[in-house]
Amino acid sequence: MTSQEINPKYIQIWETVQKIPEGKVACYGQIADLAGLPGKARLVGKALGKVPKSGWQKKAVPWYRVINAQGKISFSFDNSHFKKQTQFLQDEQVAVIAGKINLVEFQWQPNMTELLFTLKY
DNA sequence: TATTTGACTGTTA
DNA sequence: TTAACAGCCAAAT
């Protein structure tokens, strides 16, 4: 066993992704930010692609809740991952239209809780 | 060691 | 709204 070691940054990213609540999504930059790695959105994508098949349960890291800043899924339409991600999201009541998601409604906003209380209902 | 490559992002046209 | 570009940075080659 030589380089089976996992980059600590990846662990950090995975743990952050785990915090995304069901029915919500987050963008790569947001995850990078929350993981303490500002400006490293691309690293997030790379980290998600390196989630070990074993050791980390698949469902433990909801990669499908991570999309790009444009509110779109970062996969080609013909990519099997694209369909899979779309379905997982829709199963969680997240509306996915043509690979796009309404961020205003579905983006996870950790600090929004307090803000919501300032709004009248 | 240098170059290429991404599950990205913000700006500009 | 979409498309092209440049900036970005760690990992792979």
Side-chain angles (χ1 to χ4, degrees):
Chain A
M1 49 199 280
T2 52
S3 58
Q4 290 292 329
E5 295 304 314
I6 297 175
N7 188 328
K9 291 176 184 173
Y10 288 177
I11 303 284
Q12 187 73 13
I13 290 170
W14 296 333
E15 291 182 341
T16 303
V17 172
Q18 288 183 299
K19 294 177 184 173
I20 304 173
E22 192 176 312
K24 289 290 180 182
V25 298
C27 67
Y28 296 93
Q30 182 180 6
I31 294 300
D33 225 2
L34 294 171
L37 303 167
K40 299 184 181 177
R42 305 191 75 149
L43 187 61
V44 173
K46 185 162 280 205
L48 292 181
K50 288 181 175 299
V51 174
K53 308 263 191 301
S54 59
W56 278 78
Q57 294 149 13
K58 213 161 158 194
K59 62 178 182 180
V61 183
W63 55 270
Y64 54 87
R65 290 184 192 143
V66 184
I67 59 179
N68 65 30
Q70 281 67 50
K72 296 188 198 171
I73 289 176
S74 296
F75 282 117
S76 300
F77 290 91
D78 60 337
N79 187 314
S80 64
H81 285 62
F82 175 89
K83 298 174 184 175
K84 199 171 182 182
Q85 181 165 18
T86 300
Q87 174 153 14
F88 278 142
L89 290 175
Q90 293 182 329
D91 286 345
E92 294 188 355
Q93 317 306 314
V94 175
V96 182
I97 291 87
K100 290 191 292 187
I101 295 168
N102 183 338
L103 290 180
V104 177
E105 184 175 3
F106 295 108
Q107 182 172 35
W108 175 43
Q109 311 209 8
N111 305 316
M112 186 60 129
T113 306
E114 285 186 80
L115 186 59
L116 283 176
F117 282 90
T118 68
L119 299 175
K120 301 273 182 144
Y121 44 84

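Every chain is numbered from 1, with letters handed out A, B, ... down the list of sequences. Given the structure is predicted, the values throughout are model-derived calculations rather than measurements.
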Which nucleotide wins on minimum distance to the side chain of [X], given the candidates [options]?
X: A/Tyr10; options: B/dG10, B/dA7, C/dA11; value: C/dA11
X: A/Arg42; options: B/dC8, C/dC9, B/dT9; value: B/dC8
X: A/Leu48; options: B/dG10, C/dA10, B/dA7; value: B/dA7
X: A/Ala69; options: B/dG10, B/dA7, C/dA11; value: B/dG10
X: A/Ser74; options: B/dT9, B/dA7, C/dA10; value: B/dA7

Q. Does the side chain of A/Lys9 reach to within under 4.5 Å of the side chain of A/Leu43, using non-hydrogen atoms?
A. yes
(Q) Just so I know, are the side chains of A/Phe88 and A/Val94 near enough to count as touching, which here means a heavy-atom distance under 4.5 Å? (A) no
Would you mind reading off the distance between [X] atom [atom1] and [N] atom [atom2], rounded to a whole angstrom?
X: A/Asp33; N: B/dG10; atom1: CG; atom2: C1'; result: 15 Å
X: A/Asn68; N: C/dC8; atom1: CG; atom2: P; result: 20 Å
X: A/Ile13; N: C/dA10; atom1: CD1; atom2: P; result: 11 Å
X: A/Lys40; N: B/dG6; atom1: NZ; atom2: C1'; result: 16 Å
X: A/Asn7; N: C/dA10; atom1: CG; atom2: C1'; result: 8 Å
X: A/Ile31; N: C/dA10; atom1: CD1; atom2: P; result: 19 Å
X: A/Leu37; N: C/dA10; atom1: CG; atom2: P; result: 9 Å
X: A/Phe88; N: B/dA7; atom1: CZ; atom2: P; result: 19 Å

Q: Report yes if at least one side-chain N or O of A/Lys50 is closer than 4.0 Å to OP1 or OP2 of C/dA12; otherwise report no.
A: yes
Q.
Suppose we screen for side-chain hydrogen bond (donor to acceptor under 3.5 Å, both in side chains). Which residues come up paired with A/Glu92, at least two apart in sequence or across chains?
A. A/Tyr64, A/Arg65
(Q) Could you tell me if A/Gln30 and A/Gln107 have a donor-acceptor pair between their side chains, going purely by distance under 3.5 Å? (A) yes
**Q.** Sugar-phosphate only, base, or nothing, as touched by A/Phe82 at under 4.0 Å among non-hydrogen atoms
**A.** nothing
Q: Could you check whether A/Leu43 gets within reach of a base, just the sugar-phosphate, or nothing at all, counting any heavy atom under 4.0 Å?
A: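 Sugar-phosphate: the residue A/Leu43, judged by heavy atoms under 4.0 Å, touches backbone atoms but no base.
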Pairs under 3.5 Å (N/O, protein and nucleotides 1-6 of chain C):
unit_1	atom_1	unit_2	atom_2	d
C/dT2	OP1	A/Lys100	NZ	3.2

Q. Is the number of heavy atoms from other residues, nucleotides or ligands within 6.0 Å of CD (A/Gln90) greater than 12?
A.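 Yes, CD of A/Gln90 has more than 12 neighbouring heavy atoms, counting only those of other groups under 6.0 Å.
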Q. Is a side-chain donor or acceptor of A/Gln85 paired with a backbone partner of A/Ile67 at a separation under 3.5 angstrom?
A.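 Pair absent, no side-chain N/O of A/Gln85 close to backbone of A/Ile67.
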Q: Evaluate the ring planes of A/Trp63 and A/His81, with Trp represented by its six-membered ring, and classify them as parallel (under 30°), tilted (30 to 60°) or perpendicular (over 60°).
A: tilted
